[in-house]
Protein chains: 2
Amino acid sequence: MAKATRSVGKRDAVLAAAQDAFLELGYGAASMDAVAARAGVSKATIYAHFPGKSALFGAVIAARCERAFAGLDLPSVEAMDAPAALGLIARRILDLLLSPESLAMYKVVTGEAARMPEMAEAFHAAGPAAAKAAIVGALADLDRRGQLRVADPELASELLVGMLKGDIHLRHLLGLPDGGRDREQIVEAVVRVMLRAYAPGG
Amino acid sequence: MAKATRSVGKRDAVLAAAQDAFLELGYGAASMDAVAARAGVSKATIYAHFPGKSALFGAVIAARCERAFAGLDLPSVEAMDAPAALGLIARRILDLLLSPESLAMYKVVTGEAARMPEMAEAFHAAGPAAAKAAIVGALADLDRRGQLRVADPELASELLVGMLKGDIHLRHLLGLPDGGRDREQIVEAVVRVMLRAYAPGG
DNA sequence: GTCTATATACGGATAGAC
DNA sequence: GTCTATCCGTATATAGAC
C-alpha cells in the first residue's frame with residue numbers, strides 16, 4: 001500500500017511487495033509486473049536489486065523465515081502445571097498454524113519445493129523445526145518437573161502438533177468453512193488426550 | 001509413456017497425460033504443449049475434448065478423486081480388538097497420506113484452491129472427508145463393542161489422522177529426508193496414545 | 001539508480017485443411 | 001476427429017536515456 005519512498009529504499013519496497021504478491025497469488029501466478037506495480041517502481045528497478053524472479057522469491061522466503069516464529073516464546077510455561085502449559089502451547093501453535101501468513105507460506109513453499117530444494121530445507125529449519133524445538137524444550141521441562149512423563153519429547157511434540165492440525169488445517173488451506181468446530185474446542189480435546197497419554201502416574 | 005492408440009481413445013490418453021503433468025509439475029507449470037507431447041497428440045485435439053486448461057484440470061482432479069480412496073476398506077476391523085484395529089487403520093492411513101499421488105494432490109489442490117473453490121470442496125469431500133467417515137465408522141464400532149470409549153468419534157478421528165501426519169507429512173511434501181523415523185514407529189506411538197486416551201476403563 | 005520502451009520467448013487458444 | 005500452422009496476449013528480462 002505505502003508508496004515507495006527514497007528514505008526507506010526501494011529495495012525494501014520491492015521485497016515487501018513481492019511478499020504480498022507471492023504469498024497471495026503463488027509463485028507462478030505472481031508476475032514481475034504485478035510486483036513492480038505494488039511496489040510503485042518499474043520492473044527494471046527490481047532487476048537492479050535482484051538477479052531474477054526465483055532469486056527474489058528466495059529472498060522473500062528467507063525474510064519471512066527470519067520473522068516466522070518470533071512471537072513464539074514458550075519459556076513462559078516454566079511455572080505452570082501440565083494442563084495450563086499444554087493449553088498455552090496448544091493455543092499458540094494452533095493460532096500460528098491457522099494464521100493467514102503461515103497458510104500462505106505452507107502453500108507456496110510446498111508448491112515450489114520440488115524446484116527449489118534448498119529453499120524448502122531452509123523454510124523447514126527456520127519454521128516448523130524451530131517451533132518443534134521450542135515445544136520439545138517445554139515438554140522436557142514438564143517431564144523434569146514431574147508434571148508429565150514424556151520419554152520421547154520429540155515424538156510427543158510431533159503428535160501434539162499433528163493433533164492440532166487435525167482437519168482444520170487442511171480446511172483452511174482449501175478455503176473451506178471450519179465445519180462448526182472452534183479453536184478452543186480443539187485445544188481442549190488435544191490437551192485432554194495429551195494429559196491422559198502422558199500422565200505421570202502411568 | 002504409452003503412445004496414444006486409436007483403440008483406447010485419445011481422450012483417455014489426454015486425461016492420463018494431464019494427470020501426470022499436473023501432478024508432477026503443478027497447474028501453472030504444466031503447459032498444454034507438455035500435455036500434448038506426453039499424450040502423443042496435438043494441442044488442437046486436447047481442445048476438441050476439453051473446453052480449456054482449467055476444465056482439463058478439473059477433469060483430472062475429479063477422475064483422481066473417484067479412485068482416491070478405493071483401496072481403503074475399513075469394515076474389516078469389525079472382528080479385531082482395539083490395538084489390532086487401530087494398528088491397521090493407522091498403517092493404512094499413513095501409507096495413503098505418504099503415497100506419491102496423495103502428496104502430489106495435496107500440493108496441487110491447495111495451491112489452486114483459492115482460484116477454484118468448487119474443485120477444492122469436491123476434493124475434500126471425495127478424499128479426506130470420505131476417509132474420515134470410514135474411520136469414524138470404525139471408531140464407533142470399537143466403542144459399541146466396548147473396545148474403546150469414544151464419546152466423539154469425529155473428533156477422535158481428526159486427532160488420529162493429525163497424529164499420523166505429525167511431522168513426516170510435511171517433510172514428504174517438502175521432499176526432505178524422513179528424519180530417521182520409520183512408519184512403524186509412528187504407527188506404534190499413535191496407537192499407544194489412542195489406547196491410553198480412549199481406554200474403556202477411563 | 002531509476003525510468004520508458006522493447007527484445008524475445010512461451011503459453012493458451014483457434015483457423016482451416018484433411 | 002485430428003493435424004499443422006498461427007494468432008495474440010503476457011511474462012521474463014534487458015537496452016538505453018536521464
Side-chain angles (χ1 to χ4, degrees), chain A residues 1-62 108 111-112 114-116 119, chain B residues 1-62 107-108 111-112 114-116 118-119:
Chain A
M1 277 307 109
K3 187 99 178 290
T5 64
R6 233 168 309 176
S7 59
V8 201
K10 305 219 164 177
R11 190 181 184 281
D12 291 349
V14 168
L15 205 53
Q19 289 193 22
D20 285 354
F22 284 136
L23 293 184
E24 179 186 330
L25 304 170
Y27 179 74
S31 69
M32 295 296 262
D33 290 271
V35 173
R38 290 181 191 219
V41 303
S42 73
K43 265 193 297 184
T45 300
I46 301 180
Y47 284 95
H49 289 282
F50 300 93
K53 187 179 179 181
S54 70
L56 177 58
F57 181 69
V60 165
I61 301 300
V108 73
E112 299 303 315
R115 280 175 287 264
M116 310 187 185
M119 190 257 332
Chain B
M1 279 304 110
K3 186 102 178 288
T5 66
R6 233 169 308 175
S7 60
V8 202
K10 306 221 164 177
R11 189 182 184 281
D12 292 348
V14 169
L15 205 52
Q19 287 192 23
D20 286 354
F22 284 137
L23 292 184
E24 179 185 329
L25 305 170
Y27 179 74
S31 69
M32 296 296 263
D33 290 271
V35 173
R38 289 181 190 219
V41 303
S42 72
K43 264 195 296 185
T45 300
I46 301 179
Y47 283 95
H49 290 282
F50 299 93
K53 187 179 180 181
S54 69
L56 177 58
F57 182 68
V60 165
I61 300 300
K107 287 190 216 179
V108 74
E112 299 304 314
R115 279 174 288 262
M116 310 186 186
E118 352 65 40
M119 189 257 331

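For the numbers below, each heavy atom of this structure counts, side chains included, while hydrogens, waters and symmetry mates do not. Every chain is numbered from 1 and lettered A, B, ... according to where its sequence line falls, protein lines coming before strand lines.
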Could you write out each protein N or O paired with an N or O of nucleotides 3-9 of chain C at a distance under 3.5 Å?
unit_1, atom_1, unit_2, atom_2, d
C/dC3, OP1, A/Lys10, NZ, 3.4
C/dC3, OP2, A/Ser42, N, 3.0
C/dC3, OP2, A/Ser42, OG, 3.1
C/dC3, OP2, A/Thr45, OG1, 2.3

Rounded distance (Å) that lies between atom [atom2] of [N] and atom [atom1] of [X]:
X       : N      : atom1 : atom2 : answer
A/Ile46 : C/dG1  : CD1   : C1'   : 14 Å
B/Phe22 : C/dG11 : CZ    : P     : 13 Å
A/Phe50 : D/dT12 : CZ    : C1'   : 16 Å
A/Leu56 : D/dA13 : CG    : P     : 10 Å
A/Asp12 : C/dT2  : CG    : P     : 11 Å
A/Asp33 : D/dT14 : CG    : P     : 15 Å
B/Lys53 : C/dG12 : NZ    : P     : 4 Å

Legend entry - Any B/Tyr47 side-chain N or O less than 4.0 Å from OP1/OP2 of C/dT14: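 Checking B/Tyr47 against C/dT14: no side-chain N or O falls below 4.0 Å of OP1 or OP2.
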Inset, instruction - Indicate, with a heavy-atom threshold strictly under 4.0 Å, whether A/Ala30 touches base, sugar-phosphate, or nothing. - result: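 Contact class for A/Ala30: sugar-phosphate only.
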Inset, instruction - Describe the nucleic acid contact of B/Ala34 in one word from base, sugar-phosphate, nothing, applying a heavy-atom distance below 4.0 Å. - result: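 Result for B/Ala34 = nothing.
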Inset, instruction - Output yes when A/Arg38 and A/Glu24 qualify as a salt bridge under the 4.0 Å nitrogen-oxygen rule, no when they do not. - result: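 Salt bridge flag = yes for A/Glu24 with A/Arg38.
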Considering only distance and modelled atom types, tabulate donor-acceptor pairs under 3.5 Å from the side chains of residues 45-62 of chain B, sequence neighbours left out.
unit_1, atom_1, unit_2, atom_2, d
B/Thr45, OG1, B/Ser42, OG, 3.3
B/Lys53, NZ, B/Tyr27, O, 3.0
B/Lys53, NZ, B/Ala30, O, 2.9

Legend entry - Bend angle of the helix from C/dG1-D/dC18 to C/dC18-D/dG1, from helix axes over five pairs at each end, nearest 10°: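 Rounded value for the end-axis angle: 10°.
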Inset, instruction - Looking only at side-chain atoms of A/Ala48, point me to the closest of C/dT2, C/dA13, D/dT12. - result: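 Of the candidates, C/dT2 comes closest.
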